[in-house]
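Along the sequence shown, residues are numbered consecutively beginning with 1. For clarity, every value in this text was computed on a predicted model and none was experimentally measured.
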Amino acid sequence: MPEQPTPETSPDATPGAAPEAPPAEAAPLPPLMDADGAFSPDWFARFEELQPFAASLAKFRRPEALAKSYAHLERMRGYPDPQDARRMADFRAAVGLPEHEEEFSLPRPEEAPEELWDDAMAADMAKVAYRYGVPPQAMSALAQEYTRQGLRALRSAEQARHAAVLRAEAELQQEWGAAYEDNMAQIASVLSSLADRAGVDAAALAENPALRASPDFAKLMLAVADQLQEPPLRSGSPSDSGPREAYRIAHDPTHPLHEAYMRTNHPRHRYANEQYDLLAFGTEH
C-alpha cells in the first residue's frame with residue numbers, strides 16, 4: 001500500500017514550514033436571557049451598536065422594564081405643553097435640563113455694553129427659558145446673538161445721528177452764510193443763560209444730538225436770543241436804568257449785545273450800536 005503523504009512529505013509543503021493551525025473558534029455570544037426570563041448580565045454585549053449605551057442598559061434586568069422605558073420615551077416624543085407641569089418636569093429630566101428655575105440664567109456677554117444690557121430683562125428671559133425648557137447652551141447662544149445684533153443697531157443709530165447733525169449744520173450754513181458762526185455763538189450764549197436760570201446743564205443741551213440735528217431748533221433759539229435783546233426798546237425803563245444797561249453793553253462780556261457792540265464786523269453790530277445809543281442818550285443814529 002503506497003504511503004500517504006503527511007504535511008511534512010506533501011509535495012506542496014514548504015520544507016521546514018510549521019503546520020497550519022486550525023481556525024480559531026469565535027467566542028460564544030452571551031445569552032440574552034436566563035431561565036427565569038430575566039436578562040443575562042451583559043446581554044447587550046452581543047450588539048456592537050449598543051456599546052455606547054452599556055451603562056444605561058445594564059440597569060434593565062427584565063424585558064418588561066425595558067419595554068416600559070421605551071413606552072415612556074414614546075410618550076415624551078414631541079415638545080411638551082408648558083402648562084403640563086408634570087410632563088415638563090419629565091422632559092427636563094429626560095434631556096438633562098436644570099430642575100429648578102433658579103438654576104437658569106442668561107449670562108451677559110463680555111462685549112455687551114451697559115446701554116445694551118438690562119439685568120432685569122435677562123432675569124425675565126431666563127424665567128421664560130425655564131418654563132419652555134430652553135437648554136442653557138441655547139440661552140448663551142441667544143445672548144451672544146442679541147449682543148451682536150444690538151451692537152450693530154447701536155452703530156447704525158450713531159451713524160444716522162451723526163449724518164443728521166451734519167445735514168442740519170450744512171442747512172444752517174447755507175441759509176445764514178457769513179453770519180453762521182456769530183449766530184451759533186449767540187445761540188450758545190442764550191442757551192447758557194437760560195440753562196443757568198433753569199438749573200440745567202447747558203453743555204449737555206448744546207451737545208444733545210437730537211437738538212443738534214434740528215435746524216429748526218437753532219432758528220428758534222436765535223429768535224429767542226433776539227427777543228431777549230429787544231425788550232429795552234419795547235417796554236421802556238426808568239430813566240436811570242438806561243445808562244446802566246448801556247454801560248453793561250459796552251463793558252460786560254456776559255451781556256447778549258456786548259460782542260456785537262464791540263465788533264464792527266459783527267452782523268448785529270448796527271443793531272447793538274443803536275440799542276446802546278438809545279439807552280445811553282435816548283437817541284438813535
Side-chain angles (χ1 to χ4, degrees), residues 52-59 68-170 188 191-192 194-196 198-218 220-221:
F53 311 101
S56 298
L57 293 173
K59 296 184 295 185
K68 288 180 180 179
S69 177
Y70 177 77
H72 178 71
L73 182 62
E74 282 293 304
R75 288 196 300 271
M76 290 294 297
R77 291 183 64 181
Y79 193 78
D81 183 354
Q83 301 294 338
D84 189 338
R86 181 175 179 179
R87 188 178 175 199
M88 201 67 198
D90 290 342
F91 174 78
R92 293 191 188 98
V95 299
L97 293 177
E99 181 180 357
H100 304 290
E101 181 179 314
E102 294 73 18
E103 299 177 73
F104 275 75
S105 64
L106 190 64
R108 174 182 174 178
E110 294 182 0
E111 61 272 23
E114 289 286 345
E115 62 269 27
L116 184 62
W117 193 259
D118 186 325
D119 288 333
M121 177 197 70
D124 289 341
M125 292 179 67
K127 292 179 181 178
V128 174
Y130 167 77
R131 183 182 177 211
Y132 283 87
V134 178
Q137 299 91 329
M139 295 175 63
S140 180
L142 286 172
Q144 292 288 346
E145 182 62 16
Y146 169 82
T147 299
R148 190 179 71 83
Q149 296 289 351
L151 287 172
R152 186 175 70 173
L154 286 177
R155 287 192 295 267
S156 178
E158 179 60 30
Q159 291 170 357
R161 286 193 295 267
H162 181 66
V165 169
L166 293 179
R167 286 195 300 270
E169 291 177 351
L191 267 178
S192 178
L194 292 175
D196 288 343
V200 298
D201 188 349
L205 285 175
E207 292 301 319
N208 188 316
L211 299 180
R212 291 181 60 199
S214 172
D216 289 341
F217 176 77
L220 177 64
M221 293 311 300

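Distance alone, capped at 3.5 Å, places no donor-acceptor pair between the Ser156 side chain and the Arg152 backbone.
To the nearest 0.5 angstrom, Asp216 atom CG is 12.0 Å from Leu211 atom CG. The CE atom of Met88 lies 7.5 Å from the CG atom of Leu97; values are rounded to the nearest 0.5 Å.
Legend: residues meeting side-chain hydrogen bond (donor to acceptor under 3.5 Å, both in side chains) with Asp119, ordered by chain and number and at least two apart, are Trp117. Under the rule for a side chain to side chain contact (heavy atoms under 4.5 Å, CB included), the partners of Leu191 that lie at least two apart in sequence or sit in another chain are Ile187, Leu205, Phe217, Met221. Remark: Gln137 pairs with Pro135 by the side chain to side chain contact (heavy atoms under 4.5 Å, CB included) rule, at least two apart or across chains. With sequence neighbours left out, the side chain to side chain contact (heavy atoms under 4.5 Å, CB included) criterion links Ala89 to no other residue. Residues passing the side chain to side chain contact (heavy atoms under 4.5 Å, CB included) test with Ala141: none are found, sequence neighbours excluded. With sequence neighbours left out, Arg155 forms a side-chain hydrogen bond (donor to acceptor under 3.5 Å, both in side chains) with no residue at all.
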Distance-only check: which donor-acceptor pairs under 3.5 Å involve side-chain atoms of residues 98-108, not counting sequence neighbours?
unit_1: Glu103; atom_1: OE2; unit_2: His100; atom_2: N; d: 3.1
unit_1: Arg108; atom_1: NE; unit_2: Ala112; atom_2: O; d: 3.2
unit_1: Arg108; atom_1: NH2; unit_2: Ala112; atom_2: O; d: 2.8

Run the side-chain donor-acceptor check on residues 157-170: report pairs under 3.5 Å with partners two or more places apart or on a different chain.
unit_1: Glu158; atom_1: OE1; unit_2: Arg161; atom_2: NH2; d: 2.7
unit_1: Glu169; atom_1: OE2; unit_2: Arg212; atom_2: NH2; d: 3.2

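With contacts defined as side-chain heavy-atom distances shorter than 4.5 Å, the pair Tyr146/Met121 qualifies.
Within the structure, salt bridge (Lys or Arg N to Asp or Glu O under 4.0 Å) pairs that include any residue of residues 131-147 comprise Glu145-Arg148 (at least two apart or interchain).
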